[in-house]
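Worksheet for the structure shown next.
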Amino acid sequence: MHRKAGASALLTVLVLAGCGAQEPPEGMSEAAQAAGTMDESLTELLEAAKERSTTDFERETLDRAMENGGLTQQDYEEAFNRYQECAEAASLQETYRKMPSGLYRLVETGGGDSEDSMATAMDTNAECADGTIMRIESMYALQIGNPHMLADSRAAVIQCLYEQGHIEADYSMADFNRDMDDGMRSAPFDLADEAVDDCFYSSGFAISAQT
């Protein structure tokens, strides 16, 4: 499964930024300790997002986030509402589900099944997302999906699962890669569990449980 361009497609843009520089605090999973943290601070990433902004709304929201140390749920909700207003005005028929983290996940898109209609919908989605939700969602997802600023988004998923008690501290990147290759069929956690699913989604992985 892949995310549609625009409102929900760019969570991993900043999640994957940076490279290992230093070890996270004690009490982390072994994978998190091995991954290290990003070279960039949250403030630096917010500033980079602001530089790519295309509207006053984005710039003002990201400026406030830099002053306050991060985006709030209210900031994200406002951005999402602005996106939805644009999408509805453009007759996009989208259904979203709110995840435990507060992120909105696209679950259904109407408007026809032909390649042309889907391409048109994706273009409209991207146009509405640019200037409203695109960069704000990316940064907000980073904050809640990777609060330790780990340099590898896989480690962020593992750390989330570890903190929730779904895996042991020694669950490794190799274990994660093996389970991904296997479609999570033999994983020690259940993707049908919404909290588990949210660990993946908030870190930039949009996958579904195998049936």
*pair Ile167-Ile158: side-chain heavy atoms closer than 4.5 Å*: yes
Report task. Please answer whether the main-chain N or O of Ala129 pairs with a side-chain N or O of Thr132 as donor and acceptor at a distance below 3.5 Å. Result -> yes
Does the side chain of Asn81 pick up a donor-acceptor pair with the side chain of Tyr76 at under 3.5 Å? no
Counting the benzene-type ring for Trp, do Phe205 and Phe176 have ring centres under 6.0 Å apart? yes
Here the pair of heavy atoms bringing Met66 nearest to Thr43 is SD-O, 4.0 Å
TODO: Look only at the side chain of Asn68 and the backbone of Gly70, and say whether a donor-acceptor pair between them is shorter than 3.5 Å.
DONE: no
Margin query: Given 3.5 Å as the limit, does a donor-acceptor pair link the side chain of Gln33 with the main chain of Met28, or not?
Written below: yes
Nearest heavy-atom contact between Ala90 and Thr124 is CB-CG2, 3.4 Å
**Message:** I'd like to know whether the aromatic ring centres of Tyr162 and Phe189 sit less than 6.0 Å apart in this structure.
**Reply:** no
Taken to the nearest 0.5 Å, the spacing of Asp123 CG from Cys128 SG works out to 11.0 Å
Quick one, Val196 and His166 - any side-chain contact, counting heavy atoms below 4.5 Å? yes
Note: Thr54 and Glu58 closest approach over all heavy atoms is N-OE1, 2.8 Å
Please examine the side chains of Glu60 and Thr55, heavy atoms only from C-beta on, and report whether any two atoms are closer than 4.5 Å. no
The reported gap from CG in Leu46 to CG in Asp63 (rounded to nearest 0.5 angstrom) is 10.0 Å
Problem set entry | Donor-acceptor side-chain pairing of Asp175 and Ser172 below 3.5 angstrom | yes
With salt bridge (Lys or Arg N to Asp or Glu O under 4.0 Å) as the test, would you mind laying out the steps for Arg105 and Glu194 before giving the verdict? CA-CA 12 Å; Arg105 180 171 185 169; Glu194 190 174 42; over 6 Å; no
TODO: Using atom types as modelled and distance alone, determine if a side-chain donor or acceptor of Asp152 lies under 3.5 Å from a backbone N or O of Arg154.
DONE: yes
Exercise. Would you find a donor on one side and an acceptor on the other, under 3.5 Å apart, between the side chain of Glu44 and the backbone of Ser41?
Worked result: yes
Nearest heavy-atom contact between Met139 and Ala49 is CG-CB, 4.0 Å
I'd like to check Thr61 versus Glu78 (side-chain heavy atoms, cut-off strictly below 4.5 Å). Are they in contact? no
**Asked** Using a distance-only test with no angle check, is there a side-chain donor-acceptor pair under 3.5 angstrom linking Asp198 and Ser101?
**Response** yes
Between the CG atom in Asn177 and the CG atom in Asp182, the distance rounded to the nearest 0.5 Å is 12.5 Å
- Using atom types as modelled and distance alone, determine if a side-chain donor or acceptor of Glu94 lies under 3.5 Å from a backbone N or O of Leu106. no
_Contact between Leu161 and Pro188 at the side-chain level, heavy atoms closer than 4.5 Å - yes or no?_
no
Separation between CD (Gln143) and CG (Asp75), nearest 0.5 Å, reads 8.5 Å
Q. Do Leu45 and Met38 touch side chain to side chain, with heavy atoms closer than 4.5 Å?
A. yes
* For the residue pair Tyr140 and Gln73, confirm or rule out a side-chain donor-acceptor distance under 3.5 Å. => yes
Any heavy-atom pair between the side chains of Tyr83 and Glu88 that's under 4.5 Å?
no
**Message:** For a 4.5 angstrom cut-off between non-hydrogen side-chain atoms, does Met122 reach Glu127?
**Reply:** no
Interatomic distance, CG@Asp181 vs OG@Ser186, rounded to 0.5 Å, equals 12.0 Å
Tightest non-hydrogen contact, residues Ser203 and Ala156, listed as OG-CB, 3.7 Å
Taking every heavy atom of Ala32 against every heavy atom of Gln159, the minimum-distance pair comes out as CB-OE1, 3.5 Å
Test salt bridge (Lys or Arg N to Asp or Glu O under 4.0 Å), reference Asp130, set Arg52, Arg82, Arg135, output is Arg135
Here the gap from Ile144 atom CD1 to Ser202 atom OG, rounded to the nearest 0.5 Å, amounts to 6.0 Å
Test side-chain contact (heavy atoms from CB on, under 4.5 Å), reference Tyr104, set Lys98, Met99, Gln84, output is Lys98
Between Tyr96 and Val107, does a side-chain contact (heavy atoms from CB on, under 4.5 Å) hold up when you go through it step by step? CA-CA 5 Å; Tyr96 284 82; Val107 294; 5.8 Å; no
